[in-house]
> 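Take this structure first; my questions come after.
All residue numbers in this chain count up from 1 along the given sequence. As the structure is a computational prediction, the values presented were derived from the model and not from experiment.
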Amino acid sequence: MEPLDLTPEMLLRAYAIGVFPMAEDRDDPERFWIDPRLRGIIPLDSFYVPRRLRRTIRQGVYDVTFDQAFCDVMEGCAEATSRRPRTWINDKILTLYASLHFMGNAHSVEVWQDGDLVGGLYGVAMGGAFFGESMFSRQRDASKVALVHLVSRLVAAEYTLLDSQFITGHLERFGAIEVPRADYRLLLADALKVGTGFHSNPGQDPLGAVLARPKPQHLQD
């Protein structure tokens, strides 16, 4: 339980030292701090896109935008589904991260099909670090498409750290790894010194280069 009401400024200070909040359930008003012993990260220089997903992206099945529907993306991440009956995003977290978005410290990737929002993700940006928070999908591969476009944007803007908090089999396919807490804090400290922004270098589009990357050695059979 938090002794003080959490503010956006407090939240940014927490990210800067490597901790983040969660709730037990969408309807739980309380939040608690997480500082994983092993931290999930997705190395930007070895991010790998599986073959079938590459084909989906190149075929233009979905349209992708950035920061056009942040609150809608958060609501999508918070909604319960048959595969995810419980989520950790409660109303206070929705309000806090919406405030960070309006401050310029939180961003979203939206995936659309025929004008409908079918997937996306959101996270927090500080210096050269992007802290991925959650993603959702209402159509096949929509959240994965959002992740690929996020990485392309981060590469263009010269970010150095993509924090996934934890890793899953889903993220491991893209090259996600776990690093010890102490190593993560060193990576974070270096990333926070980087002077960039989510919308830096808008003329650059490394998506094609990201899609063409070979499978990294640690993912080889």
> Applying salt bridge (charged side-chain N to carboxylate O under 4.0 Å, His left out), which residue pairs with at least one partner in residues 114-129 are found, sequence neighbours left out?
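Listed by first then second residue: nothing to list.
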> Would you mind listing every side chain to side chain donor-acceptor pair (under 3.5 Å) that reaches into residues 146-160, with sequence neighbours excluded?
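Side chain to side chain donor-acceptor pair (under 3.5 Å) check on residues 146-160 returns Arg153-His199.
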> Examine distances only and state if a side-chain atom of Ser108 and a backbone atom of Val73 form a donor-acceptor pair shorter than 3.5 Å.
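No, because the side chain of Ser108 does not come within donor-acceptor range (under 3.5 Å) of the backbone of Val73.
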> Sequence neighbours left out, what passes side chain to side chain donor-acceptor pair (under 3.5 Å) with Thr65? Give chain and number order.
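By the side chain to side chain donor-acceptor pair (under 3.5 Å) rule, Thr65 matches Glu110, Trp112.
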> Hey, is the main chain of Ala106 close enough, under 3.5 Å, to the side chain of His101 for a donor-acceptor pair?
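Yes, the answer is positive, given that a donor and an acceptor are paired below the 3.5 Å cut-off.
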> Anything under 3.5 Å between a donor and an acceptor, one on a side chain of residues 8-22, the other on a protein residue two or more places apart or in another chain? List them.
residue	atom	partner	partner atom	Å
Tyr15	OH	Tyr97	OH	2.6
Tyr15	OH	Glu133	OE2	2.4

> With Arg140, which residues qualify under salt bridge (charged side-chain N to carboxylate O under 4.0 Å, His left out), at least two apart?
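Residues passing salt bridge (charged side-chain N to carboxylate O under 4.0 Å, His left out) with Arg140: none at all.
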> List for me each residue that meets side chain to side chain contact (heavy atoms under 4.5 Å, CB included) alongside Ala129, sequence neighbours excluded, and say none if there are none.
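By the side chain to side chain contact (heavy atoms under 4.5 Å, CB included) rule, Ala129 matches Phe131, Leu161, Leu188, Ala191.
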> Quick one: side chains of residues 171-183, donor-acceptor pairs under 3.5 Å with protein atoms, not counting sequence neighbours, listed by atom name and distance.
residue	atom	partner	partner atom	Å
Arg181	NE	Pro36	O	3.3
Arg181	NH2	Asp35	O	2.9

> Would you please name every residue forming a side chain to side chain donor-acceptor pair (under 3.5 Å) with Arg213, sequence neighbours left out?
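Residues passing side chain to side chain donor-acceptor pair (under 3.5 Å) with Arg213: none at all.
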> Kindly write out the residues that satisfy salt bridge (charged side-chain N to carboxylate O under 4.0 Å, His left out) with Asp163, not counting sequence neighbours, or none if the list is empty.
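Per chain and number, Asp163 pairs via salt bridge (charged side-chain N to carboxylate O under 4.0 Å, His left out) with Arg39.
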> Checking Arg52 now: which residues fulfil salt bridge (charged side-chain N to carboxylate O under 4.0 Å, His left out) with it, not counting sequence neighbours?
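Once residues adjacent in sequence are excluded, the partners of Arg52 under the salt bridge (charged side-chain N to carboxylate O under 4.0 Å, His left out) criterion are Asp141.
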